[in-house]
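One structure is given below, encoded as structure tokens.
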Amino acid sequence: RMSGSHRGLGETHDASVESRARLGETQGAQRGKGRLRISTACLGISLLTVASLVAFPALSGARDGGAAGDGVGDDGIPVPAPPTLVASEPRALTLHWAQLAPEGFRTESYDVELSGDGQRRQYNGPDGEGAFVDLAPASRLCARVRLRLQPGDVATRWSTCLQVSTRAPTTPRPMPSAWPLISSSEYLLAQWEPPEDGGAPIDAFELRLAALEQGLVDSCVWTGASCSGCAELPGEKNWTLAESEWMGMFAVCAGASSLGCCGLQCWCSSYRCCEKVPGTLRTNASVTPAPGSARNATLLALPLGLPFALELRAHNAAGWSVWSPELLLHGDAQSAAPPAAPQLRLTSLRAHALFVQWDEPADNGALLLGYELAVVPQAGAPANGARVL
């Protein structure tokens with residue numbers, strides 16, 4: 001029966017060490033007074049006797065602490081290993097607890113408990129892994145498991161606790177673009193779907209509207225480790241220095257000496273060099289706030305006669321998300337023309353299917369509403385007629 005409980009054996013070992021200490025103190029005191037001398041053999045017998053006396057109550061405690069819930073004892077059954085953590089999210093934890101049954105048994109089901117910070121979740125069933133959801137972010141929890149075994153309808157002891165934590169909230173995920181419900185030369189009614197909140201409720205949105213005009217924009221590159229900066233780039237371009245990034249002492253720089261030094265100084269930087277090239281400028285930007293419960297907003301004072309871009313971002317306790325992709329619109333489509341024809345590209349061909357791609361064509365001043373794709377048999381092919389998708 002002593003080998004039947006791992007916990008009992010552990011307690012017996014501790015008790016033996018403690019008994020040796022106490023007996024050693026007694027022996028030392030008696031030797032000092034000259035009242036008693038104990039032989040080595042007697043000391044060994046005394047240690048064994050005291051250890052045995054301490055061991056049996058420990059084993060009795062192990063028997064009394066049988067399986068919780070159904071009153072079935074667990075004599076001779078090892079304590080299961082605690083669960084392991086698979087993944088942690090701000091509001092969910094995924095745990096793995098499957099393990100082999102003790103010899104002579106088969107596992108019928110698992111009891112899994114997750115508790116802490118005022119929360120308690122339980123699972124009972126045959127699955128060896130699962131996710132516990134609707135948890136509070138940044139919670140510290142204890143995960144433990146016990147096995148229900150057959151034959152005999154036996155429940156093991158609970159495993160030790162695995163201390164786990166849900167992740168702290170992060171900023172919301174990037175938002176998809178908004179879409180227009182109503183667009184005119186005077187106002188825009190835009191609608192959106194909220195992104196994943198990152199583990200904390202979204203409490204605000206911002207909509208950024210900017211006019212799009214053609215002009216000169218910066219086109220920038222980094223030189224890498226360099227001594228002279230933009231002068232080392234092709235000289236036919238009108239480079240300007242935007243910023244530099246120090247690369248460290250004794251780095252081997254472009255244009256450096258054999259020691260890696262730039263002139264009298266042993267240092268170099270990476271320079272961000274920019275030139276002006278034709279591109280699209282975003283001007284007259286304005287930001288409109290919206291509450292976290294909003295799903296649409298009306299924007300007034302649109303840029304008259306100019307295309308414009310609308311972006312969104314979401315906010316929670318961890319901060320702002322990045323801006324969404326732009327929704328491109330026109331403030332005045334009265335002089336618009338039909339869009340240019342898209343140019344198709346065949347990407348894959350199968351026995352009963354074909355896959356094509358196309359870039360968004362020039363809209364010629366009005367919002368693109370959709371596409372039609374016509375599939376027409378060539379001459380000599382089976383005459384199934386044209387299909388419009």
Side-chain angles (χ1 to χ4, degrees), residues 87-90 138 167-178 195-200 202 204-289 303 306-328 345 347 357 359-360 362:
S88 173
E89 298 293 333
R167 286 197 295 109
T170 60
T171 58
R173 296 288 181 89
M175 293 187 63
S177 299
E196 294 183 29
D197 62 14
I202 293 175
F205 293 98
E206 281 187 343
L207 296 85
R208 183 169 67 183
L209 188 69
L212 303 179
E213 300 184 67
Q214 296 304 305
L216 295 177
V217 299
D218 284 331
S219 175
C220 303
V221 296
W222 287 90
T223 62
S226 170
C227 288
S228 303
C230 299
E232 297 174 359
L233 295 174
E236 69 272 11
K237 297 189 177 183
N238 185 24
W239 297 109
T240 59
L241 177 63
E243 57 184 309
S244 63
E245 182 181 43
W246 185 55
M247 301 297 291
M249 299 288 285
F250 300 105
V252 178
C253 314
S257 69
S258 59
L259 296 177
C261 299
C262 301
L264 299 178
Q265 300 291 331
C266 288
W267 59 269
C268 60
S269 292
S270 179
Y271 297 91
R272 183 170 174 259
C273 303
C274 302
E275 62 166 337
K276 295 292 185 181
V277 298
T280 302
L281 297 172
R282 284 152 180 79
T283 62
N284 300 321
S286 62
V287 176
T288 301
L306 289 174
F308 58 91
L310 177 64
E311 303 167 285
L312 296 99
R313 64 178 182 173
H315 184 271
N316 67 6
W320 287 101
S321 71
V322 300
W323 289 101
S324 71
E326 294 177 329
L327 169 66
L328 302 178
R345 298 186 302 276
T347 60
Q357 289 182 344
D359 296 325
E360 183 176 299

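Computed over heavy atoms, backbone and side chain alike; hydrogens, waters and symmetry mates excluded. Since we're looking at a predicted model, the values are computed, not measured.
With rounding to the nearest 0.5 angstrom, the NZ atom of Lys237 is 15.0 Å from the NZ atom of Lys276. Atom CG of residue Leu310 and atom CG of residue Leu328 lie 9.5 Å apart, to the nearest 0.5 angstrom. With rounding to the nearest 0.5 Å, the separation of NE2 in His315 from OG1 in Thr171 is 9.5 Å. Separation of atoms OG (Ser177) and CG (Leu327) is listed at 6.5 Å; rounding is to 0.5 Å. Atom OG1 of residue Thr347 and atom CD of residue Gln357 lie 5.0 Å apart, to the nearest 0.5 angstrom. In this structure, CD on Glu89 lies 8.5 Å from OG1 on Thr170, to the nearest 0.5 angstrom.
Of the possible donor and acceptor atoms, one in the side chain of Asn316 sits under 3.5 Å from a partner among the backbone N and O of Asp197. Ser324 places a side-chain N or O within donor-acceptor distance of the main-chain N or O of Leu312, the cut-off being under 3.5 Å. Checking side-chain atoms of Thr223 against main-chain N and O of Tyr271 turns up a donor-acceptor pair under 3.5 Å. A distance-only check finds no donor-acceptor pair linking the side chain of Ser219 to the backbone of Val277 [under 3.5 Å]. Side chain of Ser321 to backbone of Ala314: a donor-acceptor contact under 3.5 angstrom is found.
Heavy-atom minimum distance, Gly279 versus Val217: CA-CG2, 3.9 Å. Closest approach of Leu216 to Pro278, counting heavy atoms only: CD2-N, 3.7 Å. Nearest heavy-atom pair across Leu233 and Trp239 is CB-NE1, 3.5 Å. Taking all atoms of both residues into account, the shortest heavy-atom contact from Trp222 to Glu243 is CH2-CG, 3.9 Å. The shortest heavy-atom contact between Pro90 and Gly199 is CB-CA, 3.5 Å. The two atoms that bring Pro174 and Pro195 nearest to each other are O-CB, 3.9 Å, heavy atoms only.
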Could you give me the CA-CA distance, side-chain angles and deciding distance for Arg313 and Phe205, then say whether side chain to side chain contact (heavy atoms under 4.5 Å, CB included) is met? CA-CA 6 Å; Arg313 64 178 182 173; Phe205 293 98; over 6 Å; no
For Met175 and Trp323: C-alpha separation, side-chain torsions, deciding distance, then whether side chain to side chain contact (heavy atoms under 4.5 Å, CB included) applies. CA-CA 7 Å; Met175 293 187 63; Trp323 289 101; over 6 Å; no
Are Thr280 and Gln214 close enough, and set up right, to give a side-chain hydrogen bond (donor to acceptor under 3.5 Å, both in side chains), and what steps lead you there? CA-CA 5 Å; Thr280 302; Gln214 296 304 305; 3.1 Å; yes
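Using a cutoff of 4.0 Å between basic side-chain nitrogens and carboxylate oxygens, Arg345 and Asp359 are scored as salt-bridged. Salt-bridge formation is detected for the pair Glu326/Arg282: a Lys NZ or Arg NE/NH1/NH2 atom is positioned less than 4.0 Å from an Asp or Glu carboxylate oxygen.
Residues Glu245 and Ser270 bring no donor and acceptor atom of their side chains to less than 3.5 Å of each other.
With 2.5 angstrom as the limit on SG-SG distance, Cys220 and Cys274 come in below it.
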